Structure formats: C-alpha cells, structure tokens
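Only one structure is covered here, and it is reproduced in the block below.
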2 protein chains.
Amino acid sequence: MSGIAYERGTPFLLARLGSLASRSWTAFLAGYGITQNQHAVLVVIREQGPLGQRRLAELAAMDARNIVAVLDSLTAAGLAERRPHDTDRRRRVVTLTTYGVRLIDTISEAAAHGQDHFLRSLDPAERDHLNDLLRRLYNAHVQA
Amino acid sequence: MSGIAYERGTPFLLARLGSLASRSWTAFLAGYGITQNQHAVLVVIREQGPLGQRRLAELAAMDARNIVAVLDSLTAAGLAERRPHDTDRRRRVVTLTTYGVRLIDTISEAAAHGQDHFLRSLDPAERDHLNDLLRRLYNAHVQA
DNA sequence: TATTGTTATACTCTATAACTATA
DNA sequence: TATAGTTATAGAGTATAACAATA
C-alpha cells in the first residue's frame with residue numbers, strides 16, 4: 001500500500017503477475033517432465049481433438065513457427081503424433097498418444113489441488129471471480 | 001465455449017494470459033526503446049526511491065542475479081545510476097536520472113490510454129474489479 | 001558465517017526473415 | 001497467389017552454479 005500507484009495498469013499487472021505465475025507453473029510442470037508450451041498444446045488437443053498445426057498454435061496462444069519445436073519434442077517423448085491429413089497433403093494432423101492422454105489427465109487433476117498457495121491472499125469468492133474474468137479474457141483473445 | 005474446460009485453473013490462466021499480455025506489453029514498450037524488465041525496475045525506483053539491488057530485484061519480481069544485466073543496460077542508456085552506499089561498502093544504491101524519470105512518466109501516461117484494446121471483452125466495472133484483484137495478488141507476492 | 005553484488009552458462013520463449021510443398 | 005509447415009537465427013527471460021568483497 002505504500003508509495004504512489006505509479007504504473008499498475010492491467011496489461012502491466014497481467015504481464016508481471018503472469019511472469020510470477022509462469023515460473024510457479026513451469027516448476028510444477030517440470031515435475032512431470034514437460035514445459036509450459038508442451039502442456040498448453042496437450043491441453044488443446046485433449047479438449048478439441050486432432051487438429052492441424054496452425055489452428056493448434058492459434059488455440060494454444062502460440063506462433064505457428066514456434067510450435068514446430070514443441071511438437072518435435074512432444075513426438076520424441078511419445079506424447080503426441082503427427083499424421084498426414086486425409087485430403088490436404090500440406091497438412092499434418094496432430095493427435096495424442098494414450099500416454100499423452102494419461103499424462104495430461106494426471107496433471108490436470110494434480111493442478112486443481114495445487115493452486116491454493118499461489119492464490120492464498122484471495123478468499124474463495126474472489127478466486128472464483130478472478131478465474132471467471134481471466135477465462136473470459138483468455139477465450140476472447142484465443143478464439144478471435 | 002465448445003469443449004470441456006479441461007485445464008483452466010487460475011495459475012494456468014495467469015501464465016497463459018500473462019504470456020499474451022507480455023507480448024503486447026513488450027511491443028508497446030519497444031516503442032520507447034526499453035524492455036519489460038527495464039520498465040519494471042524503473043517503476044519500482046520511481047515509486048520507492050533509491051534502493052539496493054537485492055531489494056530492488058525483490059520488488060520488481062526478478063532474481064538478484066538477473067537484475068545485473070538490466071541495470072547495466074539502464075545505466076548505459078542513461079536512465080539509471082549506481083552509487084556507493086553511505087556506510088555499507090558492499091551495497092550499490094540505484095537511482096533514476098532526470099531522463100529516466102521523464103521517460104517512465106511519459107510511458108505511464110501513455111499506458112493508461114493503451115490498455116483498452118486488450119481488455120475490450122470486459123465492461124468497465126469488470127475491468128476495475130480485475131485490476132483490483134490482480135493488484136492485490138501482485139502485492140501479496142512481491143512484498144512477502 | 002552471512003550478505004551484496006557479480007560472472008558464466010544453458011534452456012525456454014518469442015519474433016524476423018526466408019524457404020518448400022501443396023492448394 | 002495463398003496457405004501449411006518448416007528452418008535458421010537472434011534477443012529477452014530465467015535458473016543453476018560458483019565467485020569476490022564486505023559485514
């Protein structure tokens with residue numbers, strides 16, 4: 001509370017707080033041997049089913065160029081696969097392996113129980129409200 | 001809205017949304033020739049006054065090791081200065097130059113008008129509420 | 001012994017530019 | 001000509017490890 005609130009706009013706060021959350025989240029995921037982007041990609045496929053890489057990158061809030069290395073590592077780890085598209089020979093459809101499905105399910109369950117520490121300064125109602133606002137903001141940006 | 005909400009915990013959302021906000025914020029700051037970490041450091045000094053590097057890193061949500069290069073670049077750009085501490089010869093007190101003060105003030109003013117696009121999916125009351133929740137969360141983590 | 005600041009280093013993330021193959 | 005995927009590369013951010021100077 002001390003000091004003038006000099007620059008505390010929402011993009012600034014999101015960027016800085018996101019940096020904090022990112023480090024915490026990265027450390028959590030490291031326990032499962034994957035990175036943040038790998039996890040984001042796995043989640044999208046788990047929710048949406050098999051996808052082409054450009055749409056996949058879009059939904060994972062990544063760039064199409066940078067998703068290549070992520071998919072390389074995911075396939076090398078046996079978590080995902082690239083298959084040729086039925087009709088369009090430019091496309092490669094990305095699917096999860098059974099191991100990939102199992103891993104993302106395990107992580108999702110563990111994550112639900114692991115966010116309390118990070119949010120300890122907010123009461124339950126505030127946590128729900130924050131989650132709701134962030135989700136709507138995220139969806140608005142990702143599904144544009 | 002389609003698909004099961006498979007993993008949308010707050011740390012996940014903050015990390016992903018923070019990644020989006022970070023890119024937007026970085027692009028905005030690039031117009032003023034500084035990076036996100038440089039800006040965060042300038043803001044902290046502007047609010048708190050001259051500080052030692054370890055406390056400065058703490059308040060800027062950075063690591064003490066990684067702030068060295070940031071301060072090197074800030075001093076090289078004539079935005080900040082490192083001075084010896086009065087009594088403790090281990091310490092180096094970081095201050096802003098008049099140019100640094102002027103730049104951070106200009107940016108703060110411009111940023112206040114530039115966040116509308118990023119938050120366009122929320123109405124004014126929701127934006128205020130989100131900002132409040134994020135600010136409290138950020139302060140709780142930074143001032144611990 | 002603990003603390004302040006520092007260097008070296010390696011990995012992840014992101015963006016700029018340019019390319020191949022196919023539609 | 002436009003699109004899907006790719007490669008090379010460079011800058012920024014972060015973390016691990018180790019160090020010198022000073023308290």
Side-chain angles (χ1 to χ4, degrees), chain A residues 15-41 50-77 80-94, chain B residues 15-41 50-77 80-94:
Chain A
R16 285 274 108 195
L17 202 46
S19 173
L20 285 174
S22 186
R23 283 177 253 174
S24 167
W25 185 237
T26 295
F28 173 77
L29 290 177
Y32 297 90
I34 63 173
T35 68
Q36 214 180 120
N37 278 343
Q38 288 177 324
H39 175 265
V41 166
L51 287 165
Q53 294 187 197
R54 267 181 141 86
R55 178 64 176 153
L56 180 56
E58 194 178 13
L59 289 174
M62 297 183 53
D63 192 287
R65 295 159 235 154
N66 300 323
I67 209 174
V68 177
V70 176
L71 289 175
D72 287 347
S73 61
L74 285 177
T75 55
E81 289 174 346
R82 279 188 269 220
R83 298 177 184 173
H85 189 274
D86 287 341
T87 59
D88 190 338
R89 282 163 56 197
R90 292 174 304 179
R91 296 195 182 186
R92 308 180 70 179
V93 179
V94 185
Chain B
R16 286 273 106 194
L17 203 46
S19 173
L20 284 174
S22 186
R23 284 177 253 174
S24 167
W25 185 237
T26 295
F28 173 79
L29 290 177
Y32 297 90
I34 63 173
T35 67
Q36 213 180 119
N37 277 342
Q38 287 177 324
H39 174 265
V41 166
L51 287 165
Q53 293 187 198
R54 268 183 139 85
R55 178 63 177 155
L56 180 56
E58 195 178 12
L59 290 174
M62 297 183 52
D63 193 287
R65 298 159 229 150
N66 300 324
I67 210 174
V68 177
V70 176
L71 289 175
D72 287 346
S73 61
L74 285 176
T75 56
E81 289 174 346
R82 279 188 269 220
R83 298 176 183 175
H85 189 274
D86 287 340
T87 58
D88 189 339
R89 282 164 55 199
R90 293 174 304 181
R91 296 196 183 184
R92 306 179 71 179
V93 179
V94 185

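Chain identifiers are assigned alphabetically (A, B, ...) following the order of the sequence lines, protein sequences preceding nucleic acid strands; residue numbering begins at 1 within each chain. Every value quoted in this text rests on a predicted model; they were computed, and no experiment measured them.
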Given A:Val41, which partner from the list A:Leu59, A:Val94, A:Leu56, A:Leu51 fulfils the side-chain contact (heavy atoms from CB on, under 4.5 Å) test?
A:Leu56

How many Å lie between CG on B:Leu56 and P on C:dT4, as a whole number?
13 Å

Listing time: all N or O pairs from protein to nucleotides 21-23 of chain D that are below 3.5 Å?
unit_1	atom_1	unit_2	atom_2	d
D:dT22	OP1	B:Arg89	NH2	3.4
D:dA23	OP1	B:Arg89	N	3.0

From CG of A:Leu71 across to P of D:dT7 the rounded distance in Å is 11 Å

What residues form a side chain to side chain contact (heavy atoms under 4.5 Å, CB included) with A:Arg89, not counting sequence neighbours?
none

Compare side-chain N and O positions of A:Arg92 against OP1 and OP2 of D:dG5 and report whether any pair is under 4.0 Å apart.
no

Tell me, do B:Val70 and B:Asn66 make a side-chain contact under 4.5 Å, heavy atoms counted?
no

Expressed as a whole number of angstroms, how long is the span from A:Ile67:CD1 to D:dT7:C1'?
16 Å

How would you label the contact of A:Ala69 with the nucleic acid (heavy atoms, under 4.0 Å): base, sugar-phosphate, or nothing?
nothing

Heavy-atom pair of closest approach, residues B:Ser22 and A:Ala15
CA-CB, 3.9 Å

A:Gln53 CD - C:dT22 C1' separation (whole Å):
15 Å

Think A:Arg91 has a side-chain N or O under 4.0 angstrom from the OP1 or OP2 of D:dT6?
no

Side chains of B:Asn37 and A:Arg16: closer than 4.5 Å at any heavy-atom pair?
yes

Looking at B:Leu71, is its backbone amide N or carbonyl O close enough to the side chain of B:Thr75 to form a donor-acceptor pair, meaning the two atoms are under 3.5 Å apart?
yes

Among all residues two or more places apart in sequence or in another chain, which pass the salt bridge (charged side-chain N to carboxylate O under 4.0 Å, His left out) test with A:Arg90?
A:Asp88

Length of the CZ-C1' vector between B:Arg54 and C:dT4, whole Å:
5 Å

Between B:Trp25 (CH2) and C:dT14 (P), how many Å, whole number?
18 Å

Pairs satisfying salt bridge (Lys or Arg N to Asp or Glu O under 4.0 Å), at least one member in residues 67-77 of chain B, at least two apart
B:Asp72-B:Arg82

Which nucleotides of nucleotides 9-15 of chain D have their base under 4.0 Å from a protein heavy atom (B), which only their sugar-phosphate (S), and which neither (-), written as one string 5' to 3'?
----SBB

Which residues pass the side chain to side chain donor-acceptor pair (under 3.5 Å) test with A:Thr26, sequence neighbours left out?
A:Gln36

